[in-house]
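See structure below.
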Amino acid sequence: MSATQAERRSTINHELFTITDEMKEAMEKARISQIDSFPDIKNTGYYDGKNNFRAYDQNQSFFITVTKDKFLDACHPAAIIDTIIERLDLETLYNHYSKEGNPAYHPKMMLKILFYGYYTGIMSCRTIWDSVINRSDFMYLAAGQVPNFRTINDFRLRHLEDLPGLFAQIVLLCEELDMLDFEHMAVDGQKIQANANYKNSKNLKGIKKEYAKVKEGMEKLLEKEVNEYFTEDTKKKRVSVLEKKLDKLESFQKELEELNNEEKRINMVDPDAPIMTHKDGQKLPSYSHQSARDGKCGVVTAVQSTQNNDLPEDLLPIVDQSIENTGERHDKITADCGFCDYDVLQKVEEEREEDFHIPDRRFSASEKEGKGKFPIEKFKKDENGGYECPAGHPMEYKRTITFDDGHTVDVYQGTACVGCPLKDRCTDAKKRNINIDSRIPYRDTMRDKLKSEEGREVYMKRQGLIEPVHGDDQKNKGWIQHHLRGFKKASAEFVLMRIATNLALMIKHREKEILVWVGA
């Protein structure tokens, strides 16, 4: 220590007051008297007369001053989602409200707690209501207001048709944040169980059986005498319930009879939900939801819901929706075999600018030596333009079938099937027939692309890009069953899920950039 520093320290010490022995004794008495007012401290075993605790009394009154900038950290997900929604154009939502009557909760506030609920995996309106009361992050977004669960659900249902537009706005914000590179987009679908039980899905025979059962119950109920335990009011209520059920069953029966299909099933709880087979083999009333995901940060650029398995006709509409939402095309697009058929292969080859990678349903089998019957790939074209069977015998040309769209199918039949040593592996019929579609060259071109080194690398990225978002839905967020009934509501629920997906990606990859918006 230098002489100057020593002099300054000496000066400071002289300026500060000196704690005398009397002052120390008074402070110690005050501390002990304070601890004596909390006898539980002594009984804990931690008090030895030397510890120095702050006063702790849960019965005392206290006040908290809350301001927005100190309620949550600026980088908290709720604060970032708050900032994102402040950037959205909500004019379409405002148009639903009248200037008269009791003032409604602000749509911006309702949207924030709804989006944040889906972001955190809370999709039940009752749970969101509970969170607005008890959780600080929801309190922050609601600014102390407490809409009940009916109000939250009514808001969600009122704006079902507005959700796709909000989804598109969030996609554009992702593009603004440079989260899209438009190099690779993967398309895939997933099945989510409807808000209905399989037992409520019945065919025409089951509907008639249920109708007879309910009608019999109605007759017994009407014959039952009223007593002190079974009052007239109770009887009327039960009769009313059964009458409504009979009317519902009658309408379902008429609908199934019009379809002229006795095996067709309809769910009495959610009639829009068809029976679908899931990956684990379960047959459940479900909806199929498809996502198109960009390869850079995983932003979902387009969504689509259907009442069937993934079909070839679903592919191009979702690709076009992505172009509409972003204003740009992706260079490469991958999808699984469910989206492939000859029509799609022809269109993507002749009409589309994008580079599609879509295997046909027999692509994997064509590269393996199967144990079943010989596939059409085993029949080779000969020098004369005809076909030879796997045993080397020529196939006889039978006829050509021409379809309305212009494509043709040539039918060939085996000439030496009787006595052929390979017949058991070829066909169970007397002779083997094969159909050669005129669009097979499109299939072969796609197969050659997928077998190339570049094609393998591109398609190999598909599963790692699109499948994780399904796992996040079902495993992390617990979305294995719909909360809403009907195809329209189920579709909107899926849009909410994908809005939450994109919000999570924005928080993960562009937190700093979004925080800049606050000061802008």
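For the single chain, residues carry numbers from 1 onward in sequence order.
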**OP:** Apply side-chain contact (heavy atoms from CB on, under 4.5 Å) to the pair E454 and K332, showing each step before the final yes or no.
**Re:** CA-CA 12 Å; E454 180 184 359; K332 294 179 173 58; 3.6 Å; yes
**OP:** Check the pair I192 / D473 against side-chain contact (heavy atoms from CB on, under 4.5 Å), numbers first and verdict last.
**Re:** CA-CA 10 Å; I192 299 295; D473 290 342; 5.7 Å; no
**OP:** Under the side-chain contact (heavy atoms from CB on, under 4.5 Å) rule, what do T306 and L311 come out as? Steps first, then yes or no, please.
**Re:** CA-CA 9 Å; T306 68; L311 296 177; over 6 Å; no
Original post:
Can you list the steps and then say if K461 with E183 is a salt bridge (Lys or Arg N to Asp or Glu O under 4.0 Å)?
Top reply: CA-CA 12 Å; K461 296 176 182 178; E183 290 183 7; over 6 Å; no
**OP:** Decide yes or no on side-chain contact (heavy atoms from CB on, under 4.5 Å) for F363 and K451, but give the supporting numbers first.
**Re:** CA-CA 10 Å; F363 173 71; K451 291 176 183 178; 4.0 Å; yes
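Two residues are said to be in side-chain contact when any heavy atoms from C-beta on lie closer than 4.5 Å; I170 and M506 meet this criterion. Put simply, the side chain of L316 reaches to within 4.5 Å of the side chain of F356, judged on heavy atoms. K283 is listed as a side-chain neighbour of T277, based on a closest heavy-atom distance under 4.5 Å. Between S131 and I122, some side-chain heavy-atom pair lies under the 4.5 Å cut-off. Using a 4.5 Å heavy-atom threshold, the side chains of Q282 and Y198 count as separate. By the 4.5 Å heavy-atom criterion applied to side chains, Y342 and D360 are not counted as neighbours. With contacts defined as side-chain heavy-atom distances shorter than 4.5 Å, the pair F252/K248 qualifies.
Annotation: the span from L503 atom CG to Y116 atom OH amounts to 11.5 Å, rounded to 0.5 Å. Interatomic distance, E328 CD to S322 OG, rounded to the nearest 0.5 Å: 10.0 Å. With rounding to the nearest 0.5 angstrom, the CD1 atom of I80 is 12.5 Å from the CD1 atom of I85. The CZ atom of F494 sits 12.5 Å away from the CG atom of L163 when rounded to the nearest 0.5 Å. Here the CH2-OG1 distance, from W517 to T83, works out to 8.5 Å after rounding to the nearest 0.5 Å. To the nearest 0.5 Å, atoms NZ (K512) and CD1 (I514) are separated by 13.0 Å.
Counted within 6.0 Å of CD on Q463, heavy atoms from surrounding residues, nucleotides or ligands total 12 or fewer; the atom is thus considered open. Atom CD of E351 has more than 12 neighbouring heavy atoms from other residues, nucleotides or ligands inside a 6.0 Å radius. No more than 12 heavy-atom neighbours from other residues, nucleotides or ligands sit within 6.0 angstrom of CD on E161. Other residues, nucleotides and ligands contribute only 12 or fewer heavy atoms inside 6.0 Å of the CD atom of E353. Other residues, nucleotides and ligands contribute more than 12 heavy atoms inside 6.0 Å of the NZ atom of K296.
The main-chain N or O of M497 is found under 3.5 Å from a side-chain atom of T501 such that the two form a donor-acceptor pair. Looking only at distances, no side-chain donor or acceptor of N502 sits under 3.5 Å from a matching main-chain atom of V299. When atom types are taken as modelled, the side chain of R293 and the backbone of A186 share no donor-acceptor pair closer than 3.5 angstrom. No side-chain donor-acceptor contact under 3.5 Å links N197 to the backbone of N200. Between the Q481 side chain and the A194 main chain, a donor and an acceptor come within less than 3.5 Å of each other. Side chain of N435 to backbone of V411: no donor-acceptor contact under 3.5 angstrom is found. In this structure, the side chain of Q169 engages the main chain of D89 through a donor-acceptor pair within 3.5 Å. Counting only distance, with no hydrogens or angles, the side chain of R265 and the backbone of S201 share a donor-acceptor pair below 3.5 Å. When atom types are taken as modelled, the side chain of Q253 and the backbone of L256 share no donor-acceptor pair closer than 3.5 angstrom. Within the 3.5 Å criterion, the main-chain N or O of V303 finds a donor-acceptor partner in the side chain of Q321.
Of all heavy-atom pairs between F379 and P390, the closest is CE2-CD, 3.6 Å. Nearest heavy atoms, C426 versus K373: O-CB, 3.9 Å. The two residues G486 and Y287 come nearest to each other via the heavy atoms C-OH, 3.4 Å. Between C417 and K431, the shortest heavy-atom contact is SG-CA, 3.7 Å. Taking every heavy atom of both residues into account, Y118 and M123 meet most closely at CE2-CG, 3.4 Å. Closest approach of L160 and A492 over heavy atoms only: CD2-CB, 3.3 Å.
One side chain, N153 or R156, offers a donor N or O that lies under 3.5 Å from an acceptor on the other. In the model, H407 has a side-chain atom that pairs as donor or acceptor with a side-chain atom of R439 under 3.5 Å. For the residue pair Q474 / Q190, a side-chain donor-acceptor distance below 3.5 Å is found, with atom types taken as modelled. D162 and H96 share a donor-acceptor pair across their side chains, judged by distance under 3.5 Å alone. If you check the side chains of D272 and Q307, you find no donor sitting under 3.5 Å from an acceptor.
A side-chain contact (heavy atoms from CB on, under 4.5 Å) with F167 is found for one member of T301, L496, V300 and no other, namely V300. Each of K112, M109, K108 was scored for a side-chain contact (heavy atoms from CB on, under 4.5 Å) with L141, with one residue passing: K112. With H289 as reference, H482 is the one residue of E493, H482, R498 to meet the side-chain hydrogen bond (donor to acceptor under 3.5 Å, both in side chains) rule.
Look at K191 and D280 and you find no salt bridge, because none of the NZ, NE, NH1 or NH2 atoms lies under 4.0 Å from a carboxylate O. A salt bridge is absent between K449 and E349; no separation between the charged side-chain nitrogens and carboxylate oxygens falls under 4.0 Å. Under a 4.0 Å N-O distance rule, the pair R87/E176 qualifies as a salt bridge. Remark: R443 does not engage D437 in a salt bridge, criterion side-chain N to carboxylate O under 4.0 Å. Salt bridge D341/K347: absent, no basic N to carboxylate O contact under 4.0 Å.
Between Y412 and Y397, the two ring planes are perpendicular [angle over 60°; tilted spans 30° to 60°].
Considering only residues two or more places apart in sequence or on other chains, D188 meets the salt bridge (charged side-chain N to carboxylate O under 4.0 Å, His left out) condition with R462.
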